[in-house]
Amino acid sequence: MFNASLKQLSLQLAEKKISSTELTTEFLNRIKKLNAEYNAFITVNEEISLAQARAADKMIAAGQANPLTGIPIAQKDIFCAKGWLTTCGSKMLSNFVSPYDAGVIERFNQVGAVNIGKTNMDEFAMGSSNETSFYGVVKNPWDVSAVPGGSSGGAACAVAARLAPAATGTDTGGSIRQPAALCGISGIKPTYGLVSRYGMIAFASSLDQGGPMAKSAEDLALMLNVMVGFDPRDSTSLQRDAEDYARDLQKPLAGLRIGLPKEYFAEGMSQDVASAIEKALEEYRKLGAQTVEVSLPNAPLAIPVYYVLAPAEASSNLSRFDGVRYGHRAQSYSDLRDMYRKTRAEGFGAEVKRRILIGTYVLSHGYYDAYYIKAQKLRRLIAQDFTEAYKQCDIIMGPTTPTVAFNLGEKSGDPIQMYLSDIYTSAANLTGLPAMSIPVGLGDKNRPVGLHIMGNYFREAQMLNVAHQYQQVTDWHLKSPV
Ligand code: GLN
């Protein structure tokens, strides 16, 4: 049951082979047994989960089931969920019980999915290793001395360790795809604007996008069918006709043109990752695809541009955490300014403070043009590279990360090294393009390797097709560390 796909679980529920209450109880028991080792969940709330499961069982009995009705889904602790502690991995929100549901949570509730718990994450989604969480590091289930990736590390760990059938994540510079890659699961960041950001605690609003993490492309399609949709409460939410993201899964790949950016297949990628990617490309050629070299000349600028813009937006977004309305407040202080200072000094961790300082600096008078405006101009050039590349190919592929999972503590003292984990992923956020990661092999120390698949705007169905066809002829996505 723990290895079953969403479709299989849905069928078992429909055929009454199992009830949602039983299914939910099984996963809750597994979390109870294993979470102490992995630390994938910050909050588990049996009472709410089981109440949702009972409601789902009624929906199923009444013949009102959607494919995800009654299925337990792990929710990243960045999504506000009514009645749930919602911490964003921070001491600042360690006492915040959300009075309302995020747009994404509402959509899962509407179809009767069960919230199985809130997953651990880097503090305010800032990180690539899940080591910045106030709630402690998450372990990689493939090797507990390795990081699970970040910032959606709890989500990736939960799916890989079979503590949940699927999970939500958010991706500002790679936080769905990078942990998916390091934990050997599949994850997709949709085109910017498809998934509502309402109630999704903001890090860098022009880059943040929610998306699903699951065992296979087919599962991702079912998750996206629930998660995507217009939300008037998010000013950048897109109003488009509803799509069935599973509609193209079975299409043959003959004639597909896969672009391989020469800048991605250069120095920087480790040997074990390179060979797993090469083998995956070989499979694609067997499936009838052809590969063409493309160029993204500004690709090397993605990291510096991202690390100007993301902190700039974060410094503005995080100014709301001041101890006045909600969240942590310092115990003793002399006046209002002292209260702000002490609250923020106590409530934020080191990485969050670093981002606020960098962001405030690049937005300040005298540096704004040199850094912030310059980065915005480069962001446009990076996007133009992709427009050019997509004239020669349908899909772009490369590695999701330059190496397999690194060890806990290996990069936490060196922010620059940590930031370089996002070298292949951050361009998708800067451009708003959809991108995903699927497992394609095991590298050094038997740690998973992810293939990065990037599509043009709104080509999620095509990307899922490309991923699904590979998963029909290989079994990397079925491998589990537990
Ligand atoms: N690792 C990147 C950062 O720390 C991206 C994080 C994310 O996508 N949320 O900013």
Side-chain angles (χ1 to χ4, degrees), residues 76-79 88-90 119-133 137-138 147-156 167-183 187-190 192 195 197 200-213 302-318 348-359 362 375 379 400-403 405-406 410-437 450 452:
K76 185 174 180 179
D77 208 20
I78 197 167
F79 289 104
C88 218
S90 182
T119 59
N120 204 342
M121 55 180 286
D122 278 302
E123 186 178 7
F124 286 104
M126 298 172 189
S128 307
S129 65
N130 223 295
E131 292 168 295
T132 73
S133 171
V137 300
V138 176
V147 303
S151 65
S152 313
T168 56
T170 62
D171 192 310
T172 304
S175 277
I176 287 176
R177 295 160 285 154
Q178 189 255 14
L182 302 194
C183 287
I188 184 166
K189 179 199 87 74
Y192 181 82
V195 171
R197 290 185 299 104
M200 185 178 109
I201 297 169
F203 163 11
S205 307
S206 78
L207 304 159
D208 296 342
Q209 187 60 196
M213 303 172 76
I303 288 285
V305 168
Y306 174 85
Y307 278 99
V308 169
L309 297 179
E313 295 187 31
S315 71
S316 161
N317 272 325
L318 270 58
F348 291 135
E351 183 60 28
V352 173
K353 285 177 185 157
R354 179 165 25 244
R355 306 280 178 117
I356 293 173
L357 288 173
I358 294 171
V362 300
R379 181 178 191 173
T400 307
T401 57
T403 64
F406 42 93
E410 190 178 328
K411 297 188 181 174
S412 47
D414 185 346
I416 304 283
Q417 276 308 312
M418 189 69 86
Y419 297 171
L420 286 171
S421 312
D422 309 322
I423 184 112
Y424 304 122
T425 50
S426 53
N429 304 80
L430 292 168
T431 56
L433 289 163
M436 68 187 292
S437 181
H452 198 215

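Here the structure is a predicted model, which is why all the values come from computation and not from measurement. In each ligand, atom 1 is the first atom listed, and ligand 1 is the first ligand listed. Only heavy atoms go into these numbers, but all of them, side chains included; no hydrogens, no water, no symmetry mates.
- Checked by distance only, ligand 1 and Gly173 come closer than 3.5 Å through their nitrogen or oxygen atoms.
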Evaluate the criterion side chain to side chain contact (heavy atoms under 4.5 Å, CB included) for residue pair Glu410 and Ser129; output intermediate values, then yes/no. CA-CA 10 Å; Glu410 190 178 328; Ser129 65; over 6 Å; no
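- Contact annotation for Asp422 and ligand 1: only side-chain heavy atoms (C-beta onward) come within less than 4.0 Å of the ligand.
- Residue-ligand proximity, Tyr306 to ligand 1, at heavy-atom distances under 4.0 Å covers atoms 2 (C), 3 (C), 5 (C), 6 (C), 10 (O).
- Residue-ligand proximity, Tyr307 to ligand 1, at heavy-atom distances under 4.0 Å covers atoms 1 (N), 2 (C), 3 (C), 4 (O), 10 (O).
- Among all heavy-atom pairs drawn from Ala314 and Met126, the shortest one is CB-CE, 3.7 Å.
- The residue Gln209 has no part lying near ligand 1, judged by heavy-atom distances below 4.0 Å.
- Short contacts between ligand 1 and Ala125, defined as distances under 4.0 Å to a heavy atom of the residue, involve ligand atoms 6 (C), 7 (C), 9 (N).
- In this structure, Phe124 CZ and Ile201 CD1 are separated by 6.5 Å, a value rounded to the nearest 0.5 Å.
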Assess the residue pair Glu123 and Ser90 against the criterion (side-chain hydrogen bond (donor to acceptor under 3.5 Å, both in side chains)); give the C-alpha distance rounded to whole Å, side-chain angles, the decisive distance to 0.1 Å, and a yes or no. CA-CA 5 Å; Glu123 186 178 7; Ser90 182; 2.7 Å; yes
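- The distance from ligand 1 to the heavy atoms of Met126 drops below 4.0 Å at these ligand atoms: 4 (O).
- Applying the 4.0 Å criterion to heavy atoms of Phe203 picks out, from ligand 1, the atoms 9 (N), 10 (O).
- Side-chain contact check for Ser205 and Glu313: no donor-acceptor pair (N or O, by modelled atom type) lies under 3.5 Å.
- The nearest non-hydrogen atom to atom 1 (N) of ligand 1, considering only Ser151, Ser128, Ser426, comes from Ser128.
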Dump the intermediate steps for side-chain hydrogen bond (donor to acceptor under 3.5 Å, both in side chains) on Ser151 and Asp122, then the final yes or no. CA-CA 5 Å; Ser151 65; Asp122 278 302; 5.2 Å; no
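- Under the 4.0 angstrom criterion for non-hydrogen atoms, Met418 is not in contact with ligand 1.
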Using the rule given for side chain to side chain contact (heavy atoms under 4.5 Å, CB included), can you reason through Phe348 versus Leu318, listing the C-alpha separation, both sets of side-chain angles and the distance that settles it, and then say yes or no? CA-CA 10 Å; Phe348 291 135; Leu318 270 58; 4.1 Å; yes
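- Here the heavy atom of the protein found nearest to atom 7 (C) of ligand 1 is Ser175 OG, 2.4 Å.
- Proximity of Ser128 to Lys411: side-chain heavy atoms (C-beta onward) are nowhere separated by under 4.5 Å.
- At least one N/O-N/O distance between Gly174 and ligand 1 falls below 3.5 Å.
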